[in-house]
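Structure first, commentary second.
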Amino acid sequence: MFQKYDVIVVGAGHAGCEAAAAAAQLGSSVLLITMNLAGIAQMSCNPAMGGIAKGQIVREIDALGGWSGIVTDYTMLQFRMLNRSKGPAMWSPRAQSDRMLFSQKWREILENISGIHFWQDSVIGLDIQNGKLAGVECLMGGKIASRSVIITSGTFLNGLIHIGKKNFEGGRLGDPSAKSLTQSLLALGIQNERLKTGTPVRIDGRTIDFSLLDEQKGDENPGKFSYLDTPTLRKQLSCYLTYTSEAVHDLLREGFDDSPMFGGRIQGSGPRYCPSIEDKIERFSGRDRHQLFLEPEGWRSIEYYLNGFSSSLPMVVQYKAIKLIPGFKNSRIVKPGYAIEYDFFPPTQLDYNLESRLVENLFFAGQVNGTTGYEEAAGQGLMAGINAHLKLQNKTPFILKRSEAYIGVLIDDLVGKGTNEPYRMFTSRAEFRLLLRQDNADQRLTPKAYELGLANKERMDRLNIKMEKVDLVSKYLHSNNVAPDEMNEYLEQVGTSRITQKSKLGYLLLRPQINLVGLSEALPSLFDFIDTVLDSSCKDEIVEVVEIQIKYSGYLNRERELVDKVNRLEDLNIPVNFNFDQILGLSAEGREKLKKIMPSTLGQASRISGISPSDISVLLVFLGR
């Protein structure tokens, strides 16, 4: 019934979809197995993509030839660029998506990739023959042969849902949990632990008094995630802002005795940066209110997602508390909030290509590696799909450095440090975030993806044309002067000092009060040049890139110098299967951690928790440096 596949992907969430698409587009035959084909790429939690640092990941996925950004552009309800008041390293795109259309669009894309086949079933174990991975075993389909397997099972492995004192098995509300697979992996020596996450109530929008809420509209000129020619958002739905109160908190406290979290019935660690409302009340007892965001779930859906009100308290407590929030007096709940516990496999058991160290050709990606969020999962899935294909072709793994991408930071953190709570990406996790901006992901990554064969010629041609135009505008600004009588009136208007002699336009652009759009409006010759060189479809993007490169040139050069210094350590390889026991000068903790993680470079070793500078110095001496 089944052919032998190159790659089997277990799970069709955000990680699984990107993994299957990447491996198939590179030439592997792929079977995507999911328990429910109607739930492909389902937005189980909030109906949004992007956000702080997460938006950078989505743009990186797109620059590498992945699909999450494209799907988001086709299904978005609203777009906002967050942190515009800060520097460009902090700018982060975020979009509300139509939850149902998002899943449909992903399925449409996957079905149009000829190398992907589908099978609806539950994977209950791995097929190991003569000590080697030979495929998977399914509940209905029996054994299916493959050369490699990617596990992207999200929260489904032994998933246990909690609502008050009630708990029941499930991968998410309405879907069964996946059993037996964990036991199959444990039998191979792979270790597992438990994590917990949660989701808020969904509310019937027809019962909300929006007049009592603060409206949050999208950007006046909405952007996109993909660097390709995807649709521009013409109409947007608003989000809304509201707050809890002491009365809400007091009512919620009445349910604390029945809380599975406080009662000890939940064993897994929860997300530090997205806690439940009861956890926030307990941890921040001095605060009399917490911010809530109301987000639409679709163009034609009555459901709204109450972001910030994740809860596992009894349903009646959730219901009564929501009634006390301004605008929700007459509201009706469509789905209750709940917590879910699930198995994950500490990612320190993986190599940096996301392959298991214990089982060759077995890869892990997504929440099974301890992350939280669609974006982190999708980024891992893309990399696992690429590397599963490369491994079968006996090619060098594709590994991104911390200085090259947020995806590189993500995987380096997971494999090198591990996590004991759901990992979430932030800009603060990246040392070189000024180089890893959302606007330059294509410059950083598309040439690499084109060399791999994942990014097509259209992407590479668009990037080449873009950079040619960036260079043209930059050279014009650095080579053309402007006289005082042409500029001083504008300079006074924007609150900066006058000039007394001819000055280069690029030099003026260094002033914080001046931007390229305003400068071109004040100087007809510059406006005409930009209008001639740039067509309307790419003008805003190129103007933004040019302005950032000029304004922050000093900081960018300094950060590149730092990257060069770090890469000298990063590029110093540690031999495969290196015997750390032979180095007597290492600390006991250092030796233990190095033997566990088995870093491939000195740079990776330096970032392992518990490795001291003296341990690195000893390694440097031993390696001849």
Side-chain angles (χ1 to χ4, degrees), residues 8-20 31-46 99 103 106-107 110 118-126 136-141 144 149-163 167-187 190-199 266-271 310 312 335 337-347 354 356 362-374 376-378 380-381 384 419 422-423:
I8 286 179
V9 178
V10 181
H14 300 263
C17 289
E18 288 288 4
L31 180 65
L32 180 60
I33 303 178
T34 175
M35 291 194 294
N36 183 5
L37 283 169
I40 286 176
Q42 191 169 134
M43 293 180 137
S44 306
C45 203
N46 63 320
R99 189 167 60 86
S103 180
W106 248 120
R107 181 164 180 171
L110 293 172
F118 303 86
W119 179 243
Q120 181 167 297
D121 206 340
S122 179
V123 174
I124 58 175
L126 297 179
V136 300
E137 185 175 358
C138 295
L139 185 65
M140 296 187 299
I144 305 175
V149 173
I150 305 174
I151 305 292
T152 67
S153 44
T155 61
F156 279 73
L157 293 183
N158 292 321
L160 187 64
I161 292 173
H162 296 268
I163 304 175
N167 62 67
F168 50 91
E169 294 176 354
R172 59 176 164 241
L173 201 62
D175 287 313
S177 64
K179 293 187 171 184
S180 303
L181 181 55
T182 294
Q183 283 64 39
S184 176
L185 295 169
L186 293 178
I190 296 171
Q191 298 175 349
N192 79 308
E193 295 179 16
R194 298 282 279 177
L195 287 179
K196 167 256 177 185
T197 189
T199 190
I266 292 180
Q267 302 300 317
S269 300
S310 174
S312 59
K335 299 174 190 173
Y338 63 91
I340 180 168
E341 277 187 289
Y342 56 94
D343 292 338
F344 88 107
F345 306 95
L354 297 180
S356 169
L362 176 63
F363 295 77
F364 291 81
Q367 283 183 280
V368 290
N369 285 341
T371 60
T372 180
Y374 312 138
E376 291 91 340
Q380 292 173 71
T419 184
Y423 177 103

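Everything numeric here is computed off the predicted structure, so don't read it as measured data.
F344 and Q367 make their closest contact through CB-O, 3.8 Å (heavy atoms, listed as atom of the first residue, atom of the second, distance). Taking all atoms of both residues into account, the shortest heavy-atom contact from R194 to N158 is NH1-O, 2.9 Å. The nearest pair of heavy atoms linking Y374 to H14 is CD2-NE2, 3.3 Å. Here the closest heavy-atom approach between residue L32 and residue A20 is recorded as CD1-CB, 4.3 Å. In terms of heavy atoms, V368 sits closest to S153 at CG1-OG, 3.2 Å. Between G370 and T419, the shortest heavy-atom distance links the atoms O-CG2, 3.7 Å.
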Check against side chain to side chain contact (heavy atoms under 4.5 Å, CB included), L37 and R107:
CA-CA 9 Å; L37 283 169; R107 181 164 180 171; 3.8 Å; yes
Can you check side chain to side chain contact (heavy atoms under 4.5 Å, CB included) on L157 and N192, steps first, answer last?
CA-CA 10 Å; L157 293 183; N192 79 308; over 6 Å; no
Start with the C-alpha gap between C138 and I144, add the side-chain angles, then the distance that decides, and say whether side chain to side chain contact (heavy atoms under 4.5 Å, CB included) holds.
CA-CA 8 Å; C138 295; I144 305 175; 3.8 Å; yes
Evaluate M35 against D175 for side chain to side chain contact (heavy atoms under 4.5 Å, CB included), listing each step before the verdict.
CA-CA 9 Å; M35 291 194 294; D175 287 313; 5.8 Å; no
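Rounding to the nearest 0.5 Å places OH of Y342 at 14.5 Å from OG of S177. In this structure, CD1 in I40 is found 6.0 Å from SG in C17, a value given to the nearest 0.5 Å. The line from OG1 of T152 to CD1 of I33 is 10.5 Å long, rounded to the nearest 0.5 Å. The structure places CZ of F363 at 14.0 Å from CD1 of I8, a figure rounded to the nearest 0.5 Å. N369 contributes atom CG, which lies 12.0 Å from atom CD of E376 (distance to the nearest 0.5 angstrom). Interatomic distance, L160 CG to T155 OG1, rounded to the nearest 0.5 Å: 11.5 Å.
Inter-residue side-chain proximity for E169 and K179 is flagged as met; some heavy-atom pair is nearer than 4.5 Å. Between E18 and W106 there is a side-chain heavy-atom pair separated by less than 4.5 Å. Considering only heavy atoms from C-beta on, Q120 comes within 4.5 Å of N36 through its side chain. Within the 4.5 Å cutoff, the side chain of V136 has no heavy atoms near those of the L31 side chain. Counting only heavy atoms from C-beta outward, the side chains of R172 and Y338 approach each other to under 4.5 Å. Between F168 and L173, the closest side-chain pair of non-hydrogen atoms falls below 4.5 Å.
Between I151 and the choices L354, I190, L181, the side-chain contact (heavy atoms from CB on, under 4.5 Å) rule is met once, by L181.
Between the side chains of T182 and D343, at least one donor N or O lies within less than 3.5 Å of an accepting N or O.
With a 6.0 Å radius and a threshold of 12 heavy atoms from other residues, nucleotides or ligands, Q183 has its CD atom above the threshold.
Checking side-chain atoms of S103 against main-chain N and O of A41 turns up no donor-acceptor pair under 3.5 Å. Looking at E137, its side chain never comes within 3.5 Å of a backbone N or O of I124 through a donor-acceptor pair.
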